Protein chains: 2
Amino acid sequence: MDRRVSPRTVTQKARTQRLRTDPGDKPPRARLLVDERRAQLLALGLSLFGARSYDEVSIDELARAAGVSKGLLYHYFPTKRDLYTAALRHAAQQLLEETLPPPDMLPEDRARRGIETYLSFAERHGPAYVALMRGGLGADSEIVNILEETRATIAQRILDALPIGPTPIVRAAVRGWIGFVEATALDWLAHQQVERGRLVTLLTGLLVDVVGRAAITI
Amino acid sequence: MDRRVSPRTVTQKARTQRLRTDPGDKPPRARLLVDERRAQLLALGLSLFGARSYDEVSIDELARAAGVSKGLLYHYFPTKRDLYTAALRHAAQQLLEETLPPPDMLPEDRARRGIETYLSFAERHGPAYVALMRGGLGADSEIVNILEETRATIAQRILDALPIGPTPIVRAAVRGWIGFVEATALDWLAHQQVERGRLVTLLTGLLVDVVGRAAITI
DNA sequence: TTGTCTATTGAATCCTGGTCAATAGACGCT
DNA sequence: AGCGTCTATTGACCAGGATTCAATAGACAA
């Protein structure tokens, strides 16, 4: 990936005609603030990577959809993978922010609120949520880590609220419960066969079951 | 991907020298039966794609590892993705075969046996199992389908054994439980912090909890 | 031995990820 | 207003990996 490109022999004529291919047909360059442009590209990346798999979305397509050149994409993100990673990380951070319950709630209400806001996020950010969930499916360690760190944060919120200390099996059970939540959330997004409130009730009740079961599993 | 290649202008000299670059250094062509060759390529694909991510494994590398030409790979599988897909499908079929409990068992014992054989498969086929679960970066719909069909088959085995009819929420709960199993299986493979029998007991007990909870969730 | 079928090959082609020199937008200063 | 500076933006170019394709050789039957 660190390619040594051969020196370019640029003729005098090519030099003067560079970037001047029929300028009459092109809109003028639109220069944005760095933050604005970066945010635009992240949102677009999430949108496209949420709808199709990573290698189905080419840099060319991303550039066309954003109305910019490929070179600009590389100005902001060193590689296509970096854009993908940044977009997923952005979605993960949003998810964690939006699912953090108020600290003055009772633990039982916090769990329910957390699950409610989780499903709400999944619904409002449909493709971005799917991209995040599927991104973690890859074997690329950096991207798996984004999702695993997100899960670990959520797990820690749960463990912090438990009246018992976290044994390995309780940790594993909480991790499994998060897998349960993700599977039902994706199933729910895809099929919409269960009413949301009912799903929240199921997930909340199951958290208690899971922890209880794990605590007594010898 | 359906590329129209321009007609090749092959000189008379190039035509007679085709496939004749220093034949003294090459082993003779080894022609295999179609089934044998295909099975070889699937096993190799699973091995390599299980160890590294999809786009880290090139067609060149696959060909070299198999001791064949790139052209042969394309003779058997239309694209690199098709080889990948076929390999995953093969792993999924193996998983379903090896986790099917004997039909004359009691339902409770079937569930435990199913879970035991599932974890056993995950352990024995480590990287292949992980590849199946992770499917590749932002897995495309065909690959997601392989995994979803596998899960649906497992879910149907569970639902068939239930004394109650499957309402949408029971279906969702069973789907969630499968998510739970997968999450804990992957966690267990990665960290080995819980003894396997204990995990089996947890998962078996939780299946009862999950179904019971779903049945009463109004 | 000859003919036929097709698995196998390696060179050629193309597309996508990435590079890079030139340019133009934006701003500050005189 | 004009000039200088910085850098976002561009489009042509490049290389490697995915794919194509015409030629060849292995295997079998007559």
Side-chain angles (χ1 to χ4, degrees), chain A residues 1-23 25-38 40-41 53-64 66-84, chain B residues 1-23 25-38 40-41 54-64 66-84 137:
Chain A
M1 207 57 85
D2 184 14
R3 288 185 295 171
R4 215 58 358 183
V5 185
S6 62
R8 306 187 188 205
T9 56
V10 185
T11 65
Q12 188 67 24
K13 186 181 180 184
R15 193 189 310 271
T16 57
Q17 291 200 332
R18 193 82 178 264
L19 300 181
R20 286 192 39 188
T21 52
D22 207 353
D25 287 354
K26 298 288 183 186
R29 294 185 181 193
R31 192 167 172 141
L32 297 189
L33 291 178
V34 170
D35 288 349
E36 287 176 6
R37 181 69 81 186
R38 189 177 162 91
Q40 175 205 9
L41 298 178
S53 72
Y54 175 76
D55 60 343
E56 281 173 338
V57 180
S58 68
I59 277 281
D60 258 336
E61 186 179 349
L62 284 158
R64 273 198 304 275
V68 301
S69 67
K70 288 199 291 181
L72 182 141
L73 288 178
Y74 286 99
H75 177 79
Y76 283 87
F77 303 98
T79 64
K80 179 185 171 188
R81 176 61 58 88
D82 285 311
L83 168 57
Y84 183 71
Chain B
M1 211 52 88
D2 183 13
R3 289 183 297 171
R4 227 25 32 159
V5 185
S6 61
R8 307 187 188 203
T9 56
V10 184
T11 65
Q12 190 65 26
K13 184 180 181 184
R15 195 189 308 269
T16 57
Q17 291 203 334
R18 194 82 180 262
L19 300 180
R20 285 189 44 186
T21 53
D22 204 356
D25 287 353
K26 299 289 183 186
R29 294 184 180 191
R31 192 167 173 140
L32 296 189
L33 292 177
V34 170
D35 287 349
E36 286 176 6
R37 181 69 81 185
R38 190 178 161 89
Q40 177 206 9
L41 298 178
Y54 175 74
D55 60 341
E56 283 173 341
V57 181
S58 68
I59 278 281
D60 259 335
E61 186 178 351
L62 284 157
R64 270 197 308 272
V68 302
S69 69
K70 292 198 286 185
L72 182 138
L73 288 177
Y74 286 101
H75 177 79
Y76 283 87
F77 301 98
T79 64
K80 180 185 169 189
R81 177 58 61 124
D82 283 311
L83 168 56
Y84 183 67
L137 274 184

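Within every chain, numbering begins at 1; the chains are lettered A, B, ... in the order of the sequence lines, protein sequences first and strands thereafter. Just so it is clear, the structure is predicted and the values come from calculations on it, not from any experiment.
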Quiz item: At under 4.0 Å between heavy atoms, what does B:Ile59 touch on the DNA or RNA strands: base, sugar-phosphate, or nothing?
Solution: base

Interatomic distance, [X] [atom1] vs [N] [atom2] [rounded to whole Å]:
X       : N      : atom1 : atom2 : answer
A:Glu56 : D:dA18 : CD    : P     : 16 Å
B:Arg31 : C:dT8  : CZ    : C1'   : 8 Å
B:Arg29 : C:dT9  : CZ    : C1'   : 5 Å
B:Arg37 : C:dT9  : CZ    : C1'   : 12 Å
A:Glu61 : C:dT16 : CD    : P     : 10 Å
A:Leu72 : C:dT23 : CG    : C1'   : 14 Å
A:Leu83 : C:dG17 : CG    : C1'   : 13 Å
B:Asp35 : C:dA7  : CG    : P     : 11 Å

Tell me whether the OP1 or OP2 atom of [N] has a side-chain N or O from [X] closer than 4.0 Å.
X       : N     : value
A:Arg38 : D:dA8 : no
B:Tyr74 : C:dT8 : no
A:His75 : D:dT9 : no

Quiz item: Starting at the 5' end of DNA chain C, which residue's closest nucleotide do you reach first, B:Lys70 or B:Leu33?
Solution: B:Leu33

Quiz item: Starting at the 5' end of DNA chain D and moving along, which residue's nearest nucleotide shows up first, A:Val34 or B:Pro78?
Solution: A:Val34

Exercise. Could you give me the CA-CA distance, side-chain angles and deciding distance for B:Tyr76 and B:Leu83, then say whether side-chain contact (heavy atoms from CB on, under 4.5 Å) is met?
Key: CA-CA 8 Å; B:Tyr76 283 87; B:Leu83 168 56; over 6 Å; no

Practice problem: Would you confirm whether A:Tyr54, through its side chain, and A:Arg81, through its main-chain N or O, come within 3.5 Å as a donor-acceptor pair? | Solution: yes

